[in-house]
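Beneath this line is the structure, given in structure tokens, with notes to follow.
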Amino acid sequence: VQLQASGGGLVQAGDSLRLSCAASGRTLDNYNMAWFRQAPGKEREFVAAVRWSDSSTYYRDSVRGRFTISRENAKNTVFLQMNNLKPEDTAAYYCVMDRMPYRRGTVYGMAQPQKYAYWGQGTQVTVSS
């Protein structure tokens, strides 16, 4: 399984970016998908997740209302629309796929990095003030 993330860049505060994650080697239809991020010197943190069964979405508090995760199974792709970006959003963003298909996916569970076996290479988002 390969996850290819793209769409990062250098923007100003208040701008928008749309990250894409194209999966190959496996269809993502039956897998929970998520985005994590890691800033220099900080721990990796959960950003958003989308459940395989009903496309329910989950977000960390600091991005809720600004970020939107979505999936397009026909294109085997997951997206992260990021609006009103802030300097504190600066990080490398990683697309991830659940290690198990058909997982029920709870609010708590989907935010745990150990639930995800496949990690993309990351795409850098830098937001200047």
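FYI, the numbering just counts along the sequence from 1.
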When rounded to the nearest 0.5 angstrom, what is the spacing between CD in E43 and CD in Q38?
-> 8.5 Å
Minimum heavy-atom distance [X]-[Y], with the two atoms named:
X    : Y   : answer
S20  : T77 : CB-CG2, 4.4 Å
R71  : S55 : CD-OG, 3.7 Å
A117 : R99 : CB-CB, 3.3 Å

Counterpart residues, salt bridge (charged side-chain N to carboxylate O under 4.0 Å, His left out), relative to R60 (two or more places apart) =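 With sequence neighbours excluded, R60 shows a salt bridge (charged side-chain N to carboxylate O under 4.0 Å, His left out) to E45, given in chain and number order.
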Taking only residues two or more places apart in sequence, or in another chain, which ones meet R64 in a salt bridge (charged side-chain N to carboxylate O under 4.0 Å, His left out)?
-> D61
side-chain hydrogen bond (donor to acceptor under 3.5 Å, both in side chains): pairs with one or both residues in residues 2-12, sequence neighbours excluded =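 Residue pairs with at least one partner in residues 2-12: there are none.
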Name all pairs fulfilling the side-chain hydrogen bond (donor to acceptor under 3.5 Å, both in side chains) condition that reach into residues 81-92, sequence neighbours left out, sorted by first residue then second.
->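 Listed once each, the pairs are S16-N83, R37-D89, R66-D89, Q81-N83.
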Between [X] and [Y], is there shared hydrophobic-cluster membership here, with clusters defined by ILVMFWY side-chain heavy atoms closer than 4.5 Å?
X    : Y   : result
V63  : V11 : yes
V125 : Y59 : yes
M100 : M33 : no
V50  : F79 : no

Which residue pairs satisfy the disulfide (SG to SG under 2.5 Å) criterion with at least one member in [range], sequence neighbours excluded?
range            : answer
residues 22-90   : none
residues 34-108  : C21-C95
residues 100-129 : none
residues 41-73   : none

side-chain contact (heavy atoms from CB on, under 4.5 Å) filter on A13, not counting sequence neighbours, yields P87, V127
Apply side-chain contact (heavy atoms from CB on, under 4.5 Å) to A23 and list each qualifying residue two or more places apart in sequence or on a separate chain.
-> L3, L28, N76, M97
Who passes side-chain hydrogen bond (donor to acceptor under 3.5 Å, both in side chains) against D98, sequence neighbours left out?
-> N32, R103
Nonpolar side-chain network containing W119, other nodes, edges under 4.5 Å = F36, F46, Y58, Y94, V96, V107, M110, Y116
Angle class for the Y93/F67 ring planes (parallel below 30°, perpendicular above 60°, tilted otherwise)?
->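 The arrangement is tilted - the two ring planes meet at 30° to 60°.
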Within a strict 4.5 Å, meaning less than it, do heavy atoms of the I69 and V78 side chains meet?
-> yes
